[in-house]
Each structure stands twice: as structure tokens, then as C-alpha cells.
Amino acid sequence: MSTSITSVIAGLEVPEAPGGRLRSVNPARTAEVVAEVALGDAGTFAAAARAARAAQPSWADVPAPIRGRAIAHIGRLVEANAERLARLVTAEIGKPYAEALGEVREIVDTCDFFLGEGRRLYGQTVPSEMPDKQLFTFRNPVGVAAVITAGNFPVAVPSWYLVPALLCGNTVIWKPADYASASARALFDLLTRGGGLPAGVLNLVLADGEQTFAGLTRALAEGCVDKIGFTGSSAVGARIGELAGRHLQSPCLELGGKNPMVVTPSADVDLAVSAALFSGFGTAGQRCTSLGTVIVHEDIADEFTARLDKAVRNAPVGDPSADVVYGPMLNQRFADRFEEYLTWLGPHHRLLGSDGTGRISARNPRSGFVGDPAAGLYYHPVVVAGVREDDALFTRETFGPLVGLTTYRDLDEAIRLANAPGYGLSSSIYTRDAADAFRFRRGISAGMVSVNNSTSGAEAHLPFGGNGKSGNGSRQSGIWVLDQFTRWQSMNWDYSGTLQKAQMDITELTPDESFRLPD
Ligand code: UN1
């Protein structure tokens with residue numbers, strides 16, 4: 001049974017569908033429609049931005065500790081609805097249920113972190129260079145935030161933006177991925193009801209990418225957006241960065257990755273293999289933190305390759321409601337794109353990890369497949385040995401169940417290879433040598449570094465974000481995201497009753513520079 005999903009602006013559902021109607025389909029059983037979605041257009045986005053602008057001053061007037069209480073209530077409501085929300089995520093994007101529950105947990109973690117921030121949002125008291133004068137700093141909300149998110153983490157990653165943005169006194173237009181509209185609408189309802197948010201504080205716009213871009217362009221021109229948060233591809237991130245730059249804004253961009261894992265000769269090989277399996281193939285390789293290329297020392301390359309091949313061959317793939325390593329691709333669009341990445345395979349590559357490549361079917365079977373492969377968008381996992389530095393497979397993100405393998409001789413070479421694709425989100429090294437770990441940390445361009453842990457699985461209270469093609473250096477999560485959703489304001493207060501001029505009317509002490517201790 002599918003439901004009808006609409007955008008919500010200023011607390012009112014928008015039943016019209018100027019952007020057309022979309023069926024959100026279960027990728028594990030494509031015959032099953034999860035929701036009928038009424039899509040908005042550029043005008044819908046601009047209207048939502050106006051509603052957010054109108055609601056912002058009074059939301060900023062709600063004391064921060066009270067906004068913090070709203071976040072506390074949201075966290076509780078999400079927890080009380082965890083299984084339902086996780087089931088919906090599994091049905092809509094095919095993420096295995098255990099992972100979907102983990103994703104919901106990440107929202108609760110985010111609420112747990114920020115509920116207390118309502119009673120902090122600290123500014124500073126700072127000494128002045130003059131008497132009878134005091135300096136202060138305050139965090140002010142930025143204003144209206146436009147948050148545009150991907151569908152691979154349809155509820156957790158949005159919460160990284162929405163929760164701190166609201167806590168800091170901003171109002172929001174949230175535009176989730178259209179193919180994950182039902183999960184988004186469920187989170188939206190939990191946020192607005194759980195938080196008791198006044199109408200217009202959080203607005204939901206369901207629309208496709210082009211209409212969203214046009215709507216964002218219009219809303220910026222009208223002065224109704226002050227901050228953009230975007231999670232998605234590097235190409236779209238660059239367009240958004242360009243657009244924001246024209247309005248002198250710096251967006252918060254969380255983009256793609258080609259996340260490397262270096263396996264050194266001292267590594268615990270079994271541990272590294274299990275991490276490569278999880279981060280390469282969990283979520284069908286569709287995390288921005290998914291493993292891209294394993295860079296393994298040539299002395300242990302044969303052993304590592306054989307063990308990874310075996311682990312991937314034995315991994316259960318299939319129905320995401322069962323206990324599987326991964327289920328289907330998120331949506332037909334992602335399946336089509338993955339087919340394209342598979343055309344990059346060349347004759348010098350050795351394909352491991354499964355009985356075939358491409359779509360799993362009765363004619364192209366995968367041993368141990370759980371369920372009926374014909375029902376959904378299921379793909380063979382593939383480990384590609386012999387990847388070379390100039391291969392597209394090495395330099396570009398391949399969002400799907402594909403991991404490249406290459407070798408190195410010394411750590412400097414491993415670091416150079418790890419940085420070569422020019423992304424910089426997550427990275428990992430397996431080693432028992434502390435010097436290797438710290439040399440890698442220093443040399444790697446990534447915003448996140450794991451030691452003896454996989455490239456995936458960042459915790460919700462550390463800075464999350466990347467450099468290079470992975471982002472513009474902005475960070476989400478923890479205290480660091482506060483700098484995205486607030487602006488520092490400084491205040492100085494002179495109570496001397498005179499005009500004391502900074503840098504001019506200051507008291508000088510006179511040092512005795514000729515003084516020496518006795519010989
Ligand atoms: C993403 O894919 O956009 O670190 C986020 C991880 C998850 C978040 C991934 N906690 O893999």
C-alpha cells in the first residue's frame with residue numbers, strides 16, 4: 001500500500017504537482033510502489049524560502065535552551081519511531097534493516113549532542129586593551145538555510161544539517177532526494193511534531209534537481225536564502241558553490257569520495273579484509289565514505305587479494321530485510337550509472353569476488369543470493385585487481401559495489417597514490433606501526449583518517465567533511481558545524497565615559513631593556 005507525499009510550506013501541504021508526479025519504488029522489489037510523490041518546481045522552492053524568511057525572526061527569538069528542548073523531544077520521538085522509520089528506509093532505498101536502524105540511531109545521537117548545545121552556544125568575554133571597557137563575542141543565527149540532501153542516507157545525513165540549523169535559530173527549506181521522499185517526509189513529520197516547531201520554521205520541498213537549482217537561484221536573488229547545505233556529487237557541488245559565490249555565500253558542501261585504504265606489511269590482514277568488505281560493499285558501496293581503492297603493500301598483496309576475494313564471494317547479498325551485507329542499488333538511476341562504471345573495466349583488470357559482473361539474474365547468478373534477484377536492482381560485487389593510476393576506475397568515484405586494488409612499495413608511494421585522485425573525504429590505514437599511522441595522517445589530504453578501522457562509520461560528534469573534490473573544507477557534526485549555522489558577532493562596550501581610541505589611547509609599560517643578570 002503506497003501513500004501520497006507532498007511538500008509542506010508554512011505548515012500547509014502542497015497538493016499541486018507542478019513538477020510532475022513521481023513513484024518512489026522499492027528497489028528490492030521494483031513492482032512495489034512505496035509512495036506517490038507530488039513534485040514541486042522552482043516556484044515551490046522560492047515560496048518555501050519566503051515562508052522560511054518570514055518565520056525566522058520569531059524562531060530566533062525563542063530562547064536557545066527552549067530550542068534545545070525541542071531537539072530533545074525530537075530525539076525521543078525518533079527513538080520511539082526507530083523501527084518504523086528504519087523499515088521505511090529499507091523499503092524505499094534498499095538499505096539492509098540493521099544498517100537502516102543504525103542510520104536512525106545516528107539521528108538520535110545528533111539530537112543527544114545538540115540538545116545540550118541549546119544551554120551553551122557559548123560566546124566569550126574578552127579583555128580590552130583599555131580600562132573600563134569590555135569585549136564580548138556572540139553567535140548569531142545565519143538566517144534561512146537551504147538544505148539539499150542525497151538519498152543514500154535519507155534521514156541521518158539530513159539530521160546533521162537540520163538539527164544544528166534549527167537549534168542555532170535558523171529556519172530551513174529542506175529539499176531531500178526525490179527518490180527518498182517518503183523517508184524524508186517521515187523525518188520531516190517527526191521533526192515538526194516532535195519539536196513543536198511553529199509553521200514555516202522547517203519547510204519541505206519535494207522536487208527534482210533542475211527545478212531545485214532554478215528555485216535556489218530565484219530564492220537567492222530574492223534574498224531569501226543565507227546559507228546552503230548540500231550533500232551530493234562533486235559536479236553539482238561545484239555548480240552550487242558557483243551560484244553561492246555570486247551572492248558572496250560560502251556553502252557547506254559534502255561531496256563525493258574516492259576513499260583509499262592502505263594495507264601495510266605489519267597489518268592484521270584479516271581485520272583489513274573485513275574492513276574492506278564492510279566499507280567497500282556495505283550500502284552496496286553507495287556511501288560517500290565507501291572504500292574506493294585498496295593500496296596494499298606488494299609483499300602481502302597476493303595474500304590480501306586471495307582473502308578479500310574469498311570474503312566477498314562468501315558475503316550474503318540480496319533481500320535487505322534479511323541479514324545481508326548489501327541489498328539493491330538505491331534506485332534505477334544509480335543502477336544505470338553503475339552499469340556505466342562497469343564499462344571502465346579493461347583487459348588488464350582481474351575481476352574477483354563473484355561468479356559474474358553486472359546485474360544479478362537467473363542467467364548471471366550469484367551463489368548464495370538471498371531472495372529473488374529478478375525482483376530488484378541487484379548487482380554482483382566486484383573486486384578489481386590490477387588497477388593502474390591512469391584508469392578511470394582509479395581516479396573517479398564509482399558509487400556501487402566495486403573496489404579497486406593496487407600495490408605500493410614504500411609508504412610515500414602509498415600516500416601519493418591515496419591522494420592522487422584529488423578527492424579528500426575519508427581514508428584508512430591498517431598497520432601495527434605507530435610511525436606509519438602518523439606519517440599517513442600527516443600526508444593524506446582527507447578530512448577523516450581511520451587507523452585500523454574502515455573508511456566508513458564516522459561517529460556523529462566528530463567533524464565530518466572533506467577537501468579537494470570532496471568539499472570546500474566545511475565541516476558537519478559536533479561543535480564544528482556551529483560555525484556553518486551561526487556567525488560570530490563581536491561587541492565592545494566602553495563604560496569609561498570618555499572616547500578611548502583603540503591602538504592610540506593605550507597605556508605603555510616601560511621595559512628596562514638594558515638589564516642583565518650579574519655574571
Ligand atoms: C554519507 O555517505 O553521506 O561514516 C555519510 C559513515 C556514515 C555516514 C556516511 N556514518 O559511513
Side-chain angles (χ1 to χ4, degrees), residues 86 89 93-96 98-113 147-164 174-177 179-180 183-184 187 229-234 236-237 240 251-261 274-292 325-327 329-331 334 337 397-401 403 423-428 446-451 453-467 469-472 474-478 480-481:
V89 167
I93 59 141
K95 183 175 284 201
E99 261 189 66
L101 258 186
E103 164 153 9
V104 174
R105 178 80 241 166
E106 210 161 328
I107 308 170
V108 178
D109 294 346
T110 299
C111 291
D112 283 355
F113 185 87
V147 173
I148 301 168
T149 51
N152 60 337
F153 274 81
V155 291
V157 172
S159 79
W160 297 354
Y161 292 102
L162 303 176
V163 168
W174 176 29
K175 206 299 286 182
Y179 64 90
S183 307
L187 177 62
F230 172 75
T231 295
S233 71
S234 303
V236 176
I240 287 188
C252 180
L253 299 175
E254 201 249 282
L255 310 176
K258 189 73 188 173
N259 307 301
M261 175 189 287
S274 58
L277 176 68
F278 168 66
S279 58
F281 300 99
T283 328
Q286 300 166 110
R287 292 188 185 209
C288 57
T289 56
S290 289
L291 172 61
V325 167
Y326 73 88
M329 303 302 285
L330 299 167
N331 164 273
F334 291 85
R337 240 177 39 185
E397 185 177 32
T398 50
F399 211 65
V403 167
Y423 288 86
L425 188 65
S426 184
S427 63
S428 147
M448 298 180 283
V449 186
S450 294
V451 180
N453 188 20
S454 85
T455 54
S456 284
E459 297 187 37
H461 53 292
L462 268 189
F464 188 101
N467 306 316
K469 289 189 236 171
S470 296
N472 57 351
S474 49
R475 295 292 179 262
Q476 297 174 291
S477 297
W480 300 273
V481 76

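In listed order, ligands and their atoms are each counted from 1.
For a threshold of 3.5 Å applied to N or O pairs, the pair formed by Gly457 and ligand 1 contains at least one separation below that value. Between Gln286 and ligand 1, a contact under 3.5 Å exists for no N or O pair. On a distance-only criterion, Glu106 and ligand 1 share at least one N/O pair closer than 3.5 Å.
Of all atoms in ligand 1, listed by their number and element, those nearer than 4.0 Å to a heavy atom of Val157 are 3 (O), 5 (C). Each of the atoms 2 (O) of ligand 1 lies under 4.0 Å from some heavy atom of Asn152. Ligand 1 places these atoms under 4.0 Å from at least one heavy atom of Arg287: 2 (O), 6 (C), 7 (C), 11 (O). Proximity to Thr289 (heavy-atom distance under 4.0 Å) selects the following atoms of ligand 1: 4 (O), 6 (C), 11 (O).
Of all protein heavy atoms, the one closest to atom 9 (C) of ligand 1 is Phe153 CE1, 3.5 Å.
Ring pair Phe281/Tyr326 is parallel by interplanar angle, where below 30° counts as parallel and above 60° as perpendicular.
Figure legend: cation-pi geometry between Lys175 and Phe230 absent, as NZ or CZ is not positioned both under 6.0 Å from the six-membered ring centre and within 45° of its axis.
Residue Leu425 holds its CG atom at 8.5 Å from CG of Leu255, rounded to the nearest 0.5 Å.
Ligand 1 lies less than 4.0 angstrom from a heavy atom belonging to Trp160. Between Glu254 and ligand 1 there is a heavy-atom distance shorter than 4.0 Å.
Here atom 4 (O) of ligand 1 lies nearest to Ala458 when heavy atoms of Ala458, Cys288, Ser454, Gly257 are compared.
Contacts of Thr283 with ligand 1, taken as heavy-atom pairs under 4.0 Å, are absent altogether.
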#### Entry: Derivation of the side-chain contact (heavy atoms from CB on, under 4.5 Å) call for Phe113 and Ser477
CA-CA 9 Å; Phe113 185 87; Ser477 297; over 6 Å; no

ask   = Are Glu106 and Ser159 close enough, and set up right, to give a side-chain hydrogen bond (donor to acceptor under 3.5 Å, both in side chains), and what steps lead you there?
value = CA-CA 8 Å; Glu106 210 161 328; Ser159 79; over 6 Å; no

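The only option from Ser456, Ser426, Ser454 that meets the side chain to side chain donor-acceptor pair (under 3.5 Å) definition with Thr289 turns out to be Ser456.
In this structure, Gln286 contributes its side chain and Leu330 its backbone to a donor-acceptor pair below 3.5 Å. With Glu103 contributing its side chain and Val155 its backbone, the two residues share a donor-acceptor pair below 3.5 Å.
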